[in-house]
Amino acid sequence: QSKSDCPVEWITFATRCESRMRRFVESVQSKGFPLTVLGLDTSNWFQQDRIRYLHDYLLTLKPQKIVIWSHADNVLLLPTATIETVLERYQKLRDSSGAKIFVSAQHDTKNPILRQLFPIKDDSFSVLDDGMLVGETQYLIKLITFTYTAACMDESFAWSKALLDPIVQWKHPQTGDIMLSSSIYLERPPSAARPLLALDHSHQLLLSVNDTTIGQYDIQSTGSVIVRSTGGNPLIV
């Protein structure tokens with residue numbers, strides 16, 4: 001199956017190939033995921049450039065393609081992950097929440113701004129982690145164009161805006177166009193509107209292990225990981 005025909009594509013950003021990135025690439029490609037690396041051999045780049053690179057590349061993809069956007073040096077697929085299981089878990093998250101894009105939730109954060117924005121609860125995964133995000137291409141483009149309002153904005157701030165001042169989405173009843181709204185826009189959404197972006201609190205698909213200990217997980221003989229506090233069985237960590 002060619003990259004263009006595959007229903008899912010993994011995208012990351014890296015300026016050079018280091019040992020940890022090679023491990024990531026092997027993990028993704030061994031499972032058959034088409035992989036695109038943006039930014040290789042780029043110099044004089046800034047953290048916020050990642051969003052611009054991602055946006056421009058998304059414009060070349062089919063609107064319905066499912067995209068996994070992640071860091072390249074600290075993300076791995078677990079042994080139970082396949083293209084089929086990732087798509088299945090993603091669809092279950094969509095069906096249960098109505099959201100179109102999902103970002104990983106972490107236990108805590110050393111980012112002082114995020115610590116102020118997201119309430120920290122004991123033994124809970126309630127803080128946004130910008131290291132992993134899964135969604136449909138057409139909705140990711142909308143997310144970026146709606147939230148990216150300043151040249152110095154990075155992913156943490158952009159995704160946080162979408163969660164904390166919730167962006168809702170719906171289809172225009174006549175044209176079928178994707179419509180978005182939040183508190184800063186006057187257009188009133190219909191009752192059928194649903195969130196554009198949501199945290200994967202239940203770890204059906206994504207898990208950030210930042211600031212956690214091995215005692216918070218049960219490691220199965222199959223290589224899968226069970227999160228004790230949520231019972232989740234993620235595929236990407």
Residues two or more places apart in sequence or in another chain: which of them pass salt bridge (charged side-chain N to carboxylate O under 4.0 Å, His left out) with D56?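 With neighbours one apart ignored, the set is empty.
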
Check salt bridge (charged side-chain N to carboxylate O under 4.0 Å, His left out) between R228 and all other residues, then give those that pass, not counting sequence neighbours. D218

Do I83 and L206 share a hydrophobic cluster (ILVMFWY, side-chain heavy atoms under 4.5 Å, transitive)?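 Same cluster.
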
Which pairs count as salt bridge (charged side-chain N to carboxylate O under 4.0 Å, His left out) when at least one residue sits in residues 164-179, sequence neighbours excluded?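 Every pair satisfying salt bridge (charged side-chain N to carboxylate O under 4.0 Å, His left out) with a residue in residues 164-179: there are none.
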
Identify, with sequence neighbours excluded, every residue that meets ring-ring contact (aromatic ring centres under 6.0 Å, His included) alongside Y148.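 For Y148 there are no ring-ring contact (aromatic ring centres under 6.0 Å, His included) partners, ignoring immediate neighbours.
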
For Y139, the ring-ring contact (aromatic ring centres under 6.0 Å, His included) test, sequence neighbours excluded, returns none

Taking every non-hydrogen atom, the tightest pair across F24 and L76: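 Taking F24 first and L76 second, the nearest heavy atoms are CA-CD2, 4.3 Å.
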
Between S104 and G131 the two heavy atoms that sit nearest each other are OG-N, 4.5 Å

Lys/Arg-Asp/Glu bridge criterion (N-O < 4.0 Å) met for E26, R22: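 So E26 does not pair with R22 through a salt bridge.
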
Below 4.0 angstrom, N of the basic side chain to O of the carboxylate: do E155 and R50 qualify? yes

Name the one of L35, L61, T36 that satisfies side chain to side chain contact (heavy atoms under 4.5 Å, CB included) with K3?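 Among the candidates, only T36 passes.
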
Apart from I226 itself, which Ile, Leu, Val, Met, Phe, Trp or Tyr residues share its cluster (side-chain heavy atoms under 4.5 Å, direct or through members)?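 When side chains under 4.5 Å apart are linked, I226 ends up in no cluster with other residues.
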
